[in-house]
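Every number for a ligand or one of its atoms is a count from 1 in the order of the listing.
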Amino acid sequence: MSLLDDPELLRRIDRGGMGRVLERWPEALLDALRIGGRLDVSQQKKDVKAVVWVGIGGSAIGGDLVKGWASDRSPLPIEVCRDYHLPHYAGRRTLTVGVSYSGETPETLNAFKEALGRGGPVIGVSSGGALEKLCAQKRALHAKVPGGLAPRGALPYLMVVPLLALAKLGLVGGVEEEILDAHETLKELRERLRPTVPTPQNEAKRLALGVAGTLPLIYGFREFTPVAYRIKTQINENSKTLSKAEALPELGHNEVEGWVGVPKDLASRLSVIFLRTPTEPQEIGVRIAAVKEIVSKRTKRVFEIRASGRTKLAQILSAIFVGDYLSYYLALLNRVDPTTLTNIPKVKRKVSQRR
Ligand code: PA5
C-alpha cells in the first residue's frame, strides 16, 4: 500500500485541513458566482480603457488566469501588478481590482491607495482587513469573500468574484456558463483525485510519487502559462519544495539548450510536467513532442497533466485542480502540513518591523 493511501497519515499531517478546502472547490465556485452576482458595479461604469489587477501570491494568480482566459475575448488590456506601485499609465480610465485575501498585504494596499488617488474606478476584494476598511472609508466598492482559508485555497473566490465584476461591466462574456462548466468538471475530477481514491487510480497521487525528491519543472503554454506558475507556487507553498515554471514556445528558444549541459546527477533530480489540453493548437503539440524527446533523454521523470472540461475556464481550472492535489499529496510525502507556512510569515514580519 502507498503511504498516500493511509488515512491515518493524512489526518496526522494535514492539520490545517487543506484536503477539506480542496474537496469543497466545486461548491466554492458556485458560492463565488453568487457573491460576484450580487456586486453593484453601476458606479464603476466609466469609460474604462484598461484593467489593472493588484495583488500578490495567492491573490495575484487569479489575475494572470483571468488575463490568459480573456486573451481571445477582452477588448481591453489586463495587467497584473505585484508590487507597491501602479504602472505609470494607470489613470482615470483604468479599472483597478485590488485583491488581498487577508486585506493586509502592504504592497497591495499601497498600490490600491495609489489607484484611489488617481481617480479611476476601483473594486476591492478581501475577506476583511485593512482593504475592507479602506474601501468603506472611501466609499469604494468592496466584495467580501469567506474568511478562514489559506489565501491559495481561496482561489475559486479570488478568481471568480473579480471575473464576475468584469463580466458585469461588459468587459468579458460567457462567464457564468464557463463557471458552471468548471463546477461540473471539478466535481467529476474530485471523484478521481480525493484521498480515498487509491494510488493506482489516482492521477495526483501518482504524480506526487513521480516528482517526490526532485525539483519539478512545469512547462505550460499560452493560457496554461499561469497554470504552470500556479502549480509551481503550490509546490513551493504546500509541499515546501523548490519548483520552476516555464512556457512554450519561449522555452524552446533558451531553456531547452540548458538540458545539453545539465550534470548527470542533477538531471536525475529533475522532473518535468507538461501541461496539455484537448484543444491544444497543433504548433504547440509539435513543440511539446520535440522538447519531450530531448528532456526524456536526461531524466526518466517526465509526466503530463491533461486538462479536461468543455470550456476554456473549465480546462484551466481542471489542470489547476490536479496540480493543487499533486502539491497536497507531495506535502504529505514530505511530512509537512500543507497549510502551515514558515518562511513567508518570517519575511512579512521582518518587513513590518522595518516600516
Ligand atoms: O498563498 C499565500 O498564502 C500567499 O501567497 C499570500 O497570498 C500572499 O502572501 C499575499 O497575502 P494576501 O493574499 O492575504 O494578500
Side-chain angles (χ1 to χ4, degrees), residues 14-22 25 28 32 35 52-66 80-86 96-115 122-135 142-163 218 226-243 245 320-321 323-328 330-331 336-353 355:
D14 181 16
R15 290 185 300 279
M18 190 62 86
R20 280 197 303 277
V21 173
L22 277 175
W25 265 32
I35 297 172
V52 175
W53 181 303
V54 175
I56 297 268
S59 293
I61 190 68
D64 297 313
L65 296 168
V66 166
V80 182
C81 167
R82 290 179 159 84
D83 214 321
Y84 288 89
H85 300 291
L86 284 182
T96 301
V97 185
V99 185
S100 168
Y101 185 71
S102 62
E104 299 291 351
T105 301
E107 296 92 320
T108 310
L109 285 169
N110 196 73
F112 194 75
K113 281 179 194 158
E114 283 187 359
V122 298
I123 303 173
V125 179
S126 73
S127 63
L131 184 60
E132 184 184 23
K133 287 196 190 105
L134 182 63
C135 288
H142 178 265
K144 192 168 175 124
V145 297
L149 302 169
R152 56 197 179 284
L155 181 68
Y157 294 101
L158 300 179
M159 179 182 178
V160 166
V161 173
L163 181 56
I218 323 295
V227 175
Y229 187 69
R230 160 74 179 189
I231 296 175
K232 169 234 180 287
T233 59
Q234 290 298 84
I235 291 175
N236 296 150
E237 294 188 51
N238 285 345
S239 332
K240 330 299 177 204
T241 296
L242 283 176
S243 176
I320 288 185
F321 205 42
D324 268 53
Y325 264 112
L326 147 65
S327 71
Y328 172 70
L330 186 56
V336 287
D337 176 12
T339 309
T340 308
L341 298 173
T342 306
N343 285 340
I344 295 173
K346 221 181 250 174
V347 172
K348 286 186 179 180
R349 267 197 308 277
K350 291 254 181 227
V351 172
S352 70
Q353 280 158 12
R355 288 173 74 82

(request) Measure across Thr342 and Pro345 and return the closest heavy-atom pair with its distance rounded to 0.1 Å. (result) O-CD, 3.5 Å

(message) Is it the case that ligand 1 has an N or O less than 3.5 angstrom from some N or O of Thr108?
(response) no

(message) With respect to Ile344, determine whether any N or O atom, backbone or side chain, lies less than 3.5 Å from an N or O atom of ligand 1.
(response) no

Any heavy-atom pair between the side chains of [Y] and [X] that's under 4.5 Å?
X: Thr108; Y: Val99; value: no
X: Asn236; Y: Thr241; value: no
X: Val66; Y: Met159; value: yes
X: Val21; Y: Arg152; value: no
X: Leu341; Y: Lys240; value: yes

Which of the numbered atoms in ligand 1 are below 4.0 angstrom from a heavy atom of [X]?
X: Ile56; result: 7 (O), 8 (C), 10 (C)
X: Arg152; result: 1 (O), 2 (C), 3 (O)
X: Ser100; result: 12 (P), 14 (O), 15 (O)
X: Gly57; result: 5 (O), 7 (O)

Among protein heavy atoms, which sits nearest to [atom], and what does the distance come to when rounded to 0.1 Å?
atom: atom 7 (O) of ligand 1; value: Gly58 N, 3.0 Å
atom: atom 11 (O) of ligand 1; value: Thr105 OG1, 3.1 Å
atom: atom 9 (O) of ligand 1; value: Lys348 NZ, 2.9 Å
atom: atom 14 (O) of ligand 1; value: Ser102 OG, 2.6 Å
atom: atom 13 (O) of ligand 1; value: Ser59 OG, 2.5 Å

(message) Under 4.0 Å, heavy-atom basis, I'd like to know which part of Glu237 is in contact with ligand 1: side chain, backbone, both or neither.
(response) side chain

(request) Nearest 0.5 Å please: distance from the CG atom of Asn238 over to the CD1 atom of Ile231. (result) 12.0 Å

(request) Applying side chain to side chain contact (heavy atoms under 4.5 Å, CB included) between Glu104 and each of Ser100, Ser102, Pro106, report the one that passes. (result) Ser102

